[in-house]
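Scroll down for the structure; my scribbles are underneath it.
Read the numbers this way: they start at 1 and go in the same order the structure lists the ligands and their atoms.
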Amino acid sequence: MRVLVTGGAGFIGSHLCARLMNDGHEVLCLDNFFTGSKNNILALLGNPRFELIRHDITEPILLEVDQIYHLACPASPVHYQYNPVKTIKTSVMGTINMLGLAKRVRAPILLASTSEIYGDPQVHPQPETYWGNVNPIGIRSCYDEGKRVAETLMMDYHRQNGVDIRIVRIFNTFGPRMAEHDGRVVSNFIVQALKGEDITVYGDGSQTRSFCYVSDLVEGLVRMMSCNGFIGPVNLGNPVETTIIEFARRIIALTGSHSQIVYKPLPSDDPQQRQPDITLARTTLGWEPLVPLEAGLKKTVDYFSGLGAAS
Ligand SMILES: NC(=O)c1ccc[n+]([C@@H]2O[C@H](COP(=O)([O-])OP(=O)(O)OC[C@H]3O[C@@H](n4cnc5c(N)ncnc54)[C@H](O)[C@@H]3O)[C@@H](O)[C@H]2O)c1
């Protein structure tokens with residue numbers, strides 16, 4: 001099949017492209033390189049089944065493809081708050097453009113939505129039936145509300161035009177090729193630990209997150225795309241929850257670092273708890289994460305050490 005991956009040069013997108021190439025598909029990787037990089041897909045460049053298209057999805061594009069994985073959107077607060085108007089344009093206009101393409105070529109389209117659509121959840125853990133608690137006017141809204149509109153657009157194109165859609169709500173995912181300075185907790189802590197710098201914990205560290213290793217996530221995306229008749233939304237994430245402070249201590253132990261933990265004020269609208277309910281993914285996709293946190297963290301630490309984060 002000829003598969004389009006928007007945001008294919010990003011962290012998750014690059015792993016997905018590699019997986020799809022491995023499965024024997026032709027892959028069209030579309031990216032504007034805002035947060036992605038050619039380094040992420042270096043191993044795929046030169047393969048005749050792989051094509052790289054530099055394009056911004058806020059502009060329409062005509063392509064002949066059989067499947068669309070729609071991942072293009074900056075995902076970390078540092079990046080999506082850099083140009084919030086552009087972020088919401090990417091989610092709204094970008095998703096309209098990709099849905100238009102899916103409609104024209106009759107290809108199934110999968111949206112990489114996010115657990116952030118649940119906002120600061122008042123239901124814990126979050127099932128797909130929970131509508132969320134999102135601040136519509138805060139500094140995270142360009143991302144959270146952008147993705148909520150993207151989900152709405154997916155549903156409306158499905159109901160109105162019969163577009164074959166899949167909506168996946170991704171929870172915190174980590175692994176090699178995360179951007180080094182994107183402010184996400186996993187990359188932050190690992191880079192700080194490797195450099196022997198203070199590890200910054202925002203708030204008192206009692207807030208929880210659950211971290212899914214990228215290969216598990218990619219398996220979930222592929223299963224969702226091949227699952228006919230189930231459009232989601234479906235949560236994909238690792239339900240094993242850790243507090244941020246526990247997580248910081250784990251990284252220090254794993255890297256053998258002498259870093260100290262320092263505390264800084266919690267940014268506004270930072271969710272207190274985040275844990276997926278993955279019952280639906282288990283029952284409909286037969287999916288659950290298999291890579292233990294420790295094993296995934298080791299691979300990620302090796303990746304950042306290889307980049308010279310310790311120097
Ligand atoms: N990593 C996570 O923990 C996580 C969690 C929830 C949801 N997601 C979603 O998964 C997707 C991929 O996330 P990621 O972590 O790989 O982030 P990333 O920033 O590494 O990847 C996003 C990619 O999209 C590209 N992009 C951004 N705007 C674009 C535009 N206008 N046109 C074309 N390309 C554009 C970037 O250059 C980058 O390559 C995103 O949609 C994100 O919202 C990720």
Side-chain angles (χ1 to χ4, degrees), residues 4-18 28-41 52-61 68-98 101 109-118 126 140 142-151 154 167-188 209-214 216-218 220-221 224 233-238 271 274 276 289 296 300:
L4 172 65
V5 180
T6 75
F11 158 52
I12 297 177
S14 63
H15 287 274
L16 177 62
C17 286
L28 271 68
C29 167
L30 183 155
D31 210 293
N32 71 348
F33 297 113
F34 172 44
T35 52
S37 92
K38 278 192 191 160
N39 279 336
N40 287 343
I41 44 163
L52 179 60
I53 306 165
R54 180 189 283 266
H55 178 77
D56 192 307
I57 55 155
T58 57
E59 300 294 334
I61 187 167
I68 303 169
Y69 287 88
H70 177 32
L71 277 66
C73 183
S76 76
V78 172
H79 292 136
Y80 70 65
Q81 287 165 7
Y82 171 75
N83 184 344
V85 173
K86 178 65 194 251
T87 300
I88 199 148
K89 276 186 183 170
T90 295
S91 267
V92 178
M93 292 156 68
T95 303
I96 290 175
N97 288 331
M98 288 307 120
L101 177 65
I109 176 168
L110 179 149
L111 170 72
S113 183
T114 169
S115 57
E116 302 291 335
I117 65 105
Y118 298 123
Q126 297 87 49
R140 300 172 75 104
C142 60
Y143 182 70
D144 304 1
E145 296 288 18
K147 289 284 185 179
R148 287 172 70 94
V149 174
E151 288 198 11
M154 293 283 286
I167 301 173
V168 171
R169 293 180 180 154
I170 301 172
F171 283 65
N172 284 22
T173 300
F174 74 100
R177 306 207 277 266
M178 293 182 88
E180 204 174 328
H181 300 293
D182 70 359
R184 284 192 261 192
V185 66
V186 178
S187 46
N188 255 13
R209 294 292 183 272
S210 44
F211 300 104
C212 183
Y213 189 64
V214 65
D216 280 333
L217 193 269
V218 164
L221 297 179
M224 184 62 179
V234 66
N235 290 337
L236 291 183
N238 194 324
R274 190 44 63 72
T300 315

Inventory of protein N or O atoms under 3.5 Å from ligand 1 N or O:
unit_1: ligand 1; atom_1: 1 (N); unit_2: Arg184; atom_2: NH1; d: 2.7
unit_1: ligand 1; atom_1: 3 (O); unit_2: Thr173; atom_2: N; d: 2.8
unit_1: ligand 1; atom_1: 15 (O); unit_2: Arg184; atom_2: NH1; d: 3.2
unit_1: ligand 1; atom_1: 15 (O); unit_2: Arg184; atom_2: NH2; d: 3.1
unit_1: ligand 1; atom_1: 16 (O); unit_2: Phe11; atom_2: N; d: 3.3
unit_1: ligand 1; atom_1: 16 (O); unit_2: Ile12; atom_2: N; d: 2.8
unit_1: ligand 1; atom_1: 19 (O); unit_2: Thr35; atom_2: OG1; d: 2.6
unit_1: ligand 1; atom_1: 20 (O); unit_2: Phe11; atom_2: N; d: 2.9
unit_1: ligand 1; atom_1: 24 (O); unit_2: Cys73; atom_2: N; d: 3.4
unit_1: ligand 1; atom_1: 26 (N); unit_2: Asn32; atom_2: OD1; d: 3.3
unit_1: ligand 1; atom_1: 31 (N); unit_2: Asp56; atom_2: OD1; d: 3.0
unit_1: ligand 1; atom_1: 31 (N); unit_2: Thr90; atom_2: OG1; d: 3.2
unit_1: ligand 1; atom_1: 32 (N); unit_2: Ile57; atom_2: N; d: 3.0
unit_1: ligand 1; atom_1: 34 (N); unit_2: Asn32; atom_2: N; d: 3.2
unit_1: ligand 1; atom_1: 34 (N); unit_2: Asn32; atom_2: OD1; d: 3.2
unit_1: ligand 1; atom_1: 37 (O); unit_2: Asp31; atom_2: OD1; d: 2.5
unit_1: ligand 1; atom_1: 37 (O); unit_2: Asn32; atom_2: OD1; d: 3.4
unit_1: ligand 1; atom_1: 37 (O); unit_2: Phe34; atom_2: N; d: 3.0
unit_1: ligand 1; atom_1: 37 (O); unit_2: Thr35; atom_2: N; d: 3.0
unit_1: ligand 1; atom_1: 37 (O); unit_2: Gly36; atom_2: N; d: 3.0
unit_1: ligand 1; atom_1: 39 (O); unit_2: Gly10; atom_2: N; d: 3.0
unit_1: ligand 1; atom_1: 39 (O); unit_2: Asp31; atom_2: OD1; d: 3.1
unit_1: ligand 1; atom_1: 39 (O); unit_2: Asp31; atom_2: OD2; d: 2.5
unit_1: ligand 1; atom_1: 39 (O); unit_2: Gly36; atom_2: N; d: 3.2
unit_1: ligand 1; atom_1: 41 (O); unit_2: Leu71; atom_2: O; d: 2.7
unit_1: ligand 1; atom_1: 41 (O); unit_2: Lys147; atom_2: NZ; d: 2.7
unit_1: ligand 1; atom_1: 43 (O); unit_2: Tyr143; atom_2: OH; d: 2.5
unit_1: ligand 1; atom_1: 43 (O); unit_2: Lys147; atom_2: NZ; d: 3.1

Quiz item: Between Lys147 and Glu116, does at least one N-O distance fall below 4.0 Å, as a salt bridge requires?
Solution: no
Quiz item: Side chains of Leu221 and His15: closer than 4.5 Å at any heavy-atom pair?
Solution: no
Practice problem: Check whether any side-chain heavy atom of His70 lies under 4.5 Å from a side-chain heavy atom of Ile57, and answer yes or no. | Solution: yes
Quiz item: In chain order, what residues pass the side chain to side chain donor-acceptor pair (under 3.5 Å) check against Tyr118, with sequence neighbours excluded?
Solution: Arg169, Asn235
Quiz item: Are the charged groups of Arg148 and Glu151 less than 4.0 angstrom apart, N to O?
Solution: no
Quiz item: Is the closest side-chain heavy-atom distance between Cys212 and Phe171 below 4.5 Å?
Solution: no
